[in-house]
Amino acid sequence: MSWMNVVEFSFYLVETFALPFAILVYVFERRKERISDQEELYQRLSDEYTNFLKLVLDNADLQLLRKRASLPALTEEQKERRLALFGILVSIFERAYILVYEDHMDKQTKRLWSSWEDYIREWCQRLDFRKALPDLLEGEDPDFRKHIERIARSAPAVQEKPEGVQGVQGVRGVQE
C-alpha cells in the first residue's frame, strides 16, 4: 500500500465517519445552547417579575396582593402609584410575550410561556387592573394587546367582599 493510498483511505474514512459525527455534535451543541438561552431569558424575565412583586410589597397600602379583598378607597397619590405599578407589570408581560410567545410553540417554549400566561390571567381577574388596561395598552405591540385583551375578556372576575366582611376558612385553614 503506497503512501498516497493511505492518505486517500484516511480522507474517505474522515469523510464517511468524522464529518457526519462533527455535524451531529454541532447540531446537538446548538440545540443545547438554544435551550440554555431560552432558560436564561426566562430567568431574567422572572427576576423582573420578582422585582415587581418587591415593589408591590413596598406599596402594601395598595393591597395589590389580595385576590379576594374589596377595593379600598384610594387617595389620588395611591391611584397614581397603582397605575404606575400596573404600567410596569404590563411592560413585563409585553416583554415576555415578545420574547417567549410563539403561535406554534415547541414543548420547551410552551412550558416557559405557560407560567406567564398564568400570571396574566391572575392579574386580569382583578377588576382594577382590567379597568386600567385600555390606557395601559396604548402604544403596545398590537399582537400582545389582542392577546391580553382576549385573556381579560375571558378571565373570571374575582368576587369582591364588602368592607369589614371576614374571609372564610378554606380547606387548608388559610383565609381567602
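Between N51 atom CG and I92 atom CD1 the span is 8.0 Å, to the nearest 0.5 Å. Here the CZ atom belonging to R126 is positioned 5.0 Å from the CG atom belonging to L64, to the nearest 0.5 angstrom. Rounded to the nearest 0.5 angstrom, L45 CG and L41 CG are separated by 5.0 Å. Distance check, rounded to the nearest 0.5 Å: CZ of F52 to CG of L57 gives 10.0 Å. A distance of 11.5 Å separates CD in Q78 from CG in L85, rounded to the nearest 0.5 Å. For the atom pair NE2 of H104 and NZ of K110, the computed distance is 10.5 Å after rounding to the nearest 0.5 Å.
The closest donor-acceptor contact from the side chain of N59 to the backbone of L62 lies at 3.5 Å or more, if one exists at all. Within the 3.5 Å criterion, the main-chain N or O of Q63 finds no donor-acceptor partner in the side chain of R82. Checked by atom type and distance alone, the side chain of R145 pairs as donor or acceptor with a backbone atom of L137 at under 3.5 Å. At least one donor-acceptor pair under 3.5 Å links the side chain of S46 to the backbone N or O of Y42.
With a 4.5 Å cut-off on side-chain heavy atoms, R81 and L74 do not count as touching. You'll find the side chain of Y119 stays beyond 4.5 Å of the side chain of L89, heavy atoms only. In this structure, the side chains of K131 and D128 stay at 4.5 Å or more apart for every pair of heavy atoms.
By the criterion of side-chain heavy atoms lying less than 4.5 angstrom apart, applied directly or through intervening Ile, Leu, Val, Met, Phe, Trp or Tyr residues, I23 is not grouped with F28; the two fall into different hydrophobic clusters. No continuous path of ILVMFWY side-chain contacts below 4.5 Å connects Y12 to F17, so the two sit in separate hydrophobic clusters. In the hydrophobic clustering of this structure, L83 groups with I148; members are Ile, Leu, Val, Met, Phe, Trp, Tyr whose side-chain heavy atoms approach within less than 4.5 Å, directly or through other members. Linking Ile, Leu, Val, Met, Phe, Trp and Tyr whenever their side-chain heavy atoms come within less than 4.5 Å puts L112 and I98 in one cluster. V27 and F21 are not part of a single hydrophobic cluster, where members link through side-chain heavy atoms under 4.5 Å apart.
Ion pairing between a basic and an acidic side chain is recognised when a charged N comes within 4.0 Å of a carboxylate O; E149 and K146 show no such pairing.
Contact record, F86 with A132: CD1-CB, 4.0 Å, taken as the closest heavy-atom pair. Taking every heavy atom of both residues into account, W123 and F129 meet most closely at O-CD2, 3.2 Å.
Heavy atoms of other residues, nucleotides or ligands lying less than 6.0 angstrom from CD of E39 number more than 12.
Of the candidates V6, N5, V7, V7 is the only one forming a side chain to side chain contact (heavy atoms under 4.5 Å, CB included) with W3.
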Exercise for the section: Apply side chain to side chain donor-acceptor pair (under 3.5 Å) to the pair E94 and H147, showing each step before the final yes or no. Expected result: CA-CA 10 Å; E94 181 185 29; H147 189 79; over 6 Å; no
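Classified by interplanar angle (parallel below 30°, tilted 30° to 60°, perpendicular above 60°), the ring pair Y97/Y101 is parallel.
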